[in-house]
There are 2 protein chains.
Amino acid sequence: MNKSLGHEKYKYAAVATDVVIFTVVRGELKVLLIKMKKKPYTNKWALPGGLVHAEESVDDAAKRILEEKTGVSKVYLKQLAAFGRVGRDPFGRVVSVAYFALVSSDKLKLKTTEEYSDVAWFDVKKVTDLAYDHDEILRTAVSQLKGELMYSKISAGLLPTEFTLTDLQHLYEVILNRNIDKRNFRKKIQQSGLIKAVGKQRKGTASRPAALFKFI
Amino acid sequence: MNKSLGHEKYKYAAVATDVVIFTVVRGELKVLLIKMKKKPYTNKWALPGGLVHAEESVDDAAKRILEEKTGVSKVYLKQLAAFGRVGRDPFGRVVSVAYFALVSSDKLKLKTTEEYSDVAWFDVKKVTDLAYDHDEILRTAVSQLKGELMYSKISAGLLPTEFTLTDLQHLYEVILNRNIDKRNFRKKIQQSGLIKAVGKQRKGTASRPAALFKFI
DNA sequence: GCAAAAGTGTTGAAAGTACACCCATGA
DNA sequence: TCATGGGTGTACTTTCAACACTTTTGC
């Protein structure tokens, strides 16, 4: 969405997609932002996005943009909503279909340091004043992420295939931004049917070995 | 969406909106469909829809189309999802943002009889084989409608401003397609804070008068 | 007084929440 | 043996589900 469209001269609106890419690092829920060059958003941060090409589905466009910005593929992307206010994009009449995804920060550490300096992770709690209507998109994404966390496998992207219940709980605590009771969490998540024990243990931890689980 | 676009020649996708308009008549949940003329969908039924103009928001486009097809305005339209498969529209590369609404059948009785014969209400349970990907859109809409019914005021569009709890329960039973316990329903809906008593009663009913309520 | 719909409570089950101690391992 | 994190159960509260009779009105 940082290309000029000149779509003002067309009679109809064009389609873009913006992707809210979350990760968790050092106990913080972070979102990937890119720094813009073009006026009127010079040096403003924005969600990664781009126009949907004629020969690709909107889902595929979101995947493409995710991969372009992070190098990560095969991540589950979830459609959030369409944002279609008239003035939302000063470069033309563009409707954006927003997606969100959770990606493990170590899977893309290389990419974010290799990439130019105008791509960076930001603590979600501190982000404000994004370009376009991206503050609104981000708020919607955070809210939907929290709502779905306990009822879906979206968090799988943030953990290795095999993980401990404590790993999972810590992840949930960061995303939900609150403490969770260990016993209640274990009861609920094991009853949910979303994960199952793999029958192995994680050793070498200077403490009692933890059972490993995986998403089904 | 029943206009040729020729958007194949553009590089990017265009935006349309399709509106799933529900009503309840004679104990059935019905959806408004229009009969198409153009190949390859000649005589197929489809959801009302159309392209989003450059100067209107997607929300406004959905409202406009709702009003064009039903004559009803000031109805709450809820965004459902965007549908963006490449081949979903044989006339061009079009991404549709779908909405749904509930409108009282008596508010638009005139309109549907005045309108030409290729607009009609269909029992949702019997609808199949719609044009485009409209079967999928309809299924998604029905599912979301059922899910939100108890937690929002969307059903307000289907009732007069003042209604009895029995009216509301009958409506819910039709939409959810199951019986609801009267006492549990009354407890839950009155605790929800979505409605409140207006302090009046409906008289002249050959039975005990019922208290009237309204949505807040 | 009777037909017709309005209105109202209780009990049991299930799910959610709060809370504290013992266990297995590596160092 | 101790430091570290792993693992477990119970009591209370809240929510959901099942279920039947009395009340008020018009005729």
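All figures in this text were calculated on a predicted structure; none of them were measured in a lab. Hydrogens, waters and symmetry mates are skipped; everything else that's a heavy atom, side chains included, is used. All chains are named by letter (A, B, ...) in the order of the sequence lines, taking the proteins before the strands, and each is independently numbered beginning at 1.
Checking each of A:T23, A:L130, A:L138 against A:V31 for a side-chain contact (heavy atoms from CB on, under 4.5 Å) leaves exactly one that passes, namely A:L138. A:F185 pairs with exactly one of A:N179, A:I180, A:T166 by the side-chain contact (heavy atoms from CB on, under 4.5 Å) rule, that one being A:I180.
Rounded to whole Å, the distance from CG on A:D181 to P on D:dT13 is 17 Å. The nearest whole Å value for the distance from the CG atom in B:L212 to the P atom in C:dA5 is 17 Å. In this entry the distance linking CZ of A:R202 with P of D:dT4 reads 18 Å, nearest Å. Note: CZ (A:F185) to P (D:dG9) measures 18 Å, nearest angstrom. When the C1' atom of D:dG26 is taken as reference, atom CD of B:Q201 falls 14 Å away, rounded to whole Å. Distance CG (A:L165) to P (D:dT8): 9 Å, rounded to an integer number of Å. Counting to the nearest Å, the C1' atom of D:dG9 and the CZ atom of A:R183 are 7 Å from each other. Atom NZ of B:K203 is separated from atom P of D:dT23 by 19 Å (rounded to the nearest Å).
Although no hydrogens or angles enter the test, the distance criterion places no donor-acceptor pair under 3.5 Å between the side chain of A:Y76 and the main chain of A:G157.
The residue among A:T205 and A:N184 whose nearest nucleotide of DNA chain C lies closer to the 5′ end is A:N184.
Contact annotation: side chain of A:K187 to base of D:dT10, donor-acceptor pair present below 3.5 Å. Counting distance only, with no hydrogens placed and no angle test, the side-chain atoms of A:K182 and the base atoms of C:dT17 include no donor-acceptor pair under 3.5 Å. Judged by distance alone, with hydrogens and angles left aside, B:R208 brings no side-chain donor or acceptor close enough to the base of C:dA4 to form a pair under 3.5 Å.
Contact annotation: A:R186 reaches the phosphate of D:dG7 (side-chain N/O to OP1 or OP2, under 4.0 Å). OP1 or OP2 of C:dA5 has not a single side-chain nitrogen or oxygen of B:T166 nearer than 4.0 Å. One finds no side-chain N or O of B:S207 lying less than 4.0 angstrom from the OP1 or OP2 phosphate oxygen of D:dG26.
Counting any heavy atom pair closer than 4.0 Å across all strands shown, A:A206 reaches a base atom.
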| message | Set out, in order, the CA-CA distance, both residues' side-chain angles and the distance that settles side chain to side chain donor-acceptor pair (under 3.5 Å) for B:R85 and B:S96, then state yes or no. | response | CA-CA 9 Å; B:R85 278 195 6 252; B:S96 174; over 6 Å; no

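For the pair A:L149 and A:S155, the tightest heavy-atom approach, listed with the atom from each and the gap, is CD1-CB, 4.0 Å.
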